[in-house]
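Order of the sequence lines fixes the chain letters, A, B, ..., with proteins taken first and strands second; residue numbering starts at 1 for each chain. Computed from a predicted structure; not experimentally measured.
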2 protein chains.
Amino acid sequence: MLLSKSCIYGMRGALYLASSSNSKYISIKQISNDLDISPHFLTKIMQELTKAGLLESQKGPKGGVRLKKDGNEVALVEIVAAIDGMDLLTECALGLPGCGTAKPCPLHEQWADTRDEIRVMLEETTLTDLARKGKEGNLRITADGTFDWLPKDN
Amino acid sequence: MLLSKSCIYGMRGALYLASSSNSKYISIKQISNDLDISPHFLTKIMQELTKAGLLESQKGPKGGVRLKKDGNEVALVEIVAAIDGMDLLTECALGLPGCGTAKPCPLHEQWADTRDEIRVMLEETTLTDLARKGKEGNLRITADGTFDWLPKDN
DNA sequence: TATATTTGAGACAAGATAGTCTTAAATATG
DNA sequence: CATATTTAAGACTATCTTGTCTCAAATATA
Ligand code: SF4
Ligand code: SF4
């Protein structure tokens with residue numbers, strides 16, 4: 001699996017926030033409900049994103065989470081880094097430790113290229129990109145495809 | 001992690017075989033010893049490759065495993081398919097089930113491209129490619145870099 | 001202030017992956 | 001044939017990931 005489930009949930013949660021008007025806090029309960037993700041689990045993951053500085057949160061009624069920066073300034077790689085870490089984008093394809101290409105493995109040439117493709121993709125794709133695309137095509141971010149992308153005006 | 005540890009060990013084991021003269025069986029014990037992988041664990045993995053038809057085996061003294069086809073006919077993707085399955089190359093980046101691009105997720109465009117890069121890399125790289133490259137550059141396939149790539153004449 | 005709501009923190013359980021060990025079956029060799 | 005070697009099969013344990021639950025702290029609102 002390329003990304004852990006936690007990371008995928010984090011992405012979907014952040015994407016949800018990026019598709020909303022960012023002025024107000026949204027409760028994780030509502031997000032988990034709309035995205036059909038276990039509330040407790042999503043809470044834990046959103047907490048990680050908050051700790052990482054990607055979200056800000058407020059407790060109590062009318063509380064919730066929201067993006068700290070504007071969605072077009074948040075690349076996917078930041079979410080991956082916060083939850084899965086950068087291992088995928090720095091590690092060896094053969095799992096060998098501590099290579100800086102000094103003593104590479106036979107797969108290095110091919111893997112370094114492929115790894116870069118992944119990295120560039122994650123670096124160049126922002127939450128706003130995905131939210132816009134999602135709204136325009138009414139694309140799914142839930143298993144059953146029931147997700148409304150409201151408000152459309154973001 | 002892109003590939004499971006089992007898959008990586010399977011690759012390294014198969015690469016070992018491709019770097020040897022393919023006429024005789026090599027014991028898994030020797031392979032695990034040279035590659036510094038747990039013998040029991042590697043045995044289990046090599047069994048999977050044998051069941052998948054990539055290796056053939058013989059029991060008893062002078063027994064062991066060897067490649068069933070010539071190394072230049074074995075692409076990495078076959079090993080991945082045998083051990084991890086094709087999920088990585090067919091599944092959704094957001095973990096959503098059963099998409100055939102009919103109802104895509106917002107990441108689809110980017111991910112489909114990246115996924116293809118990975119697939120092509122795995123399809124176009126053969127064991128012989130890696131063995132040749134490894135011998136020419138004396139590259140490492142063990143954590144500590146102690147691996148000899150003998151015989152050089154393959 | 002009292003209450004309900006919501007995040008924060010962390011214990012706990014379930015499931016998947018990784019790794020170990022035991023026993024059986026096959027087979028080369030003396 | 002007897003024995004040592006090696007794969008085959010699968011039980012078992014350990015570790016990591018995923019998911020659930022409980023309680024505390026903060027806070028909006030009546
Ligand atoms: S060579 Fe590339 S893939 Fe191989 S160990 Fe070094 S970094 Fe990893
Ligand atoms: S769109 Fe592409 S990435 Fe998204 S669900 Fe369909 S296949 Fe998967």
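Listed by residue number, B:K44, B:Q47 are the residues of residues 34-49 of chain B with a heavy-atom contact under 4.0 Å to DNA chain D. Sorted by residue number, the members of residues 60-70 of chain A with any non-hydrogen atom under 4.0 Å from DNA chain D read A:G60, A:P61, A:K62.
In this structure, B:I28 and B:P39 approach most closely via the heavy-atom pair CG2-O, 4.4 Å.
For the pair B:I26 CD1 and D:dT7 P, the computed distance is 11 Å after rounding to whole Å. Between the CD1 atom of A:I8 and the P atom of D:dT17 there is a distance of 14 Å, given to the nearest Å. Spacing between atom CD of A:Q58 and atom C1' of D:dT29 amounts to 13 Å, rounded to whole angstrom units. Distance CG (A:D84) to C1' (D:dT18): 13 Å, rounded to an integer number of Å. A:M1 places its CE atom 16 Å from the P atom of D:dC16, with the value rounded to the nearest Å. One interatomic measurement links the two molecules: OH of A:Y25 to P of D:dT29, which rounds to 14 Å at whole-angstrom precision.
Considering only residues two or more places apart in sequence or on other chains, B:R119 meets the side-chain hydrogen bond (donor to acceptor under 3.5 Å, both in side chains) condition with B:D116, B:E123. Residues meeting the side-chain hydrogen bond (donor to acceptor under 3.5 Å, both in side chains) test with B:S23, sequence neighbours left out: none. With sequence neighbours excluded, the residues forming a side-chain contact (heavy atoms from CB on, under 4.5 Å) with B:K103 are A:N138, A:R140, listed by chain and number. With sequence neighbours excluded, the residues satisfying ring-ring contact (aromatic ring centres under 6.0 Å, His included) with B:F147 are B:Y16, B:W149. Not a single side-chain hydrogen bond (donor to acceptor under 3.5 Å, both in side chains) links B:D113 to another residue, sequence neighbours left out. Looking at residues two or more places apart in sequence or on another chain, you find a side-chain hydrogen bond (donor to acceptor under 3.5 Å, both in side chains) between A:T142 and A:D144.
A donor-acceptor distance shorter than 3.5 angstrom exists from the side chain of A:S32 to the backbone of A:K29, with no hydrogens or angles considered.
Among residues at least two apart or in separate chains, ring pair (Phe, Tyr, Trp, His ring centres under 6.0 Å) pairs with a member in residues 25-69 of chain B are B:Y9-B:F41.
Regarding contacts with the backbone of D:dT6, every side-chain N or O of B:Q30 stays at 4.0 angstrom or more from both OP1 and OP2. Side-chain N/O atoms of B:S57 include none lying less than 4.0 angstrom from OP1 or OP2 on D:dT7. Taking side-chain N and O atoms only, A:Y9 has a distance below 4.0 Å to OP1 or OP2 of D:dG19.
Scanning DNA chain C 5' to 3' for nucleotides with an atom closer than 4.0 angstrom to a non-hydrogen atom of chain A gives a first and last hit of C:dA4 to C:dA11.
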List, one per line, each side-chain donor-acceptor pair under 3.5 Å for residues 74-100 of chain B, sequence neighbours excluded.
from, atom 1, to, atom 2, distance (Å)
B:E78, OE1, B:K69, NZ, 2.9
B:E78, OE2, B:A75, N, 3.1
B:D84, OD1, B:S4, OG, 2.5
B:D84, OD2, B:S4, N, 3.0
B:D84, OD2, B:S4, OG, 3.4
B:T90, OG1, B:M86, O, 3.2
B:T90, OG1, B:D87, O, 3.4

Enumerate, atom names and distances included, each donor-acceptor pair closer than 3.5 Å involving a side-chain atom of residues 44-62 of chain A, sequence neighbours excluded.
from, atom 1, to, atom 2, distance (Å)
A:T50, OG1, A:M46, O, 2.9
A:E56, OE2, A:R66, NE, 3.0
A:E56, OE2, A:R66, NH2, 3.3

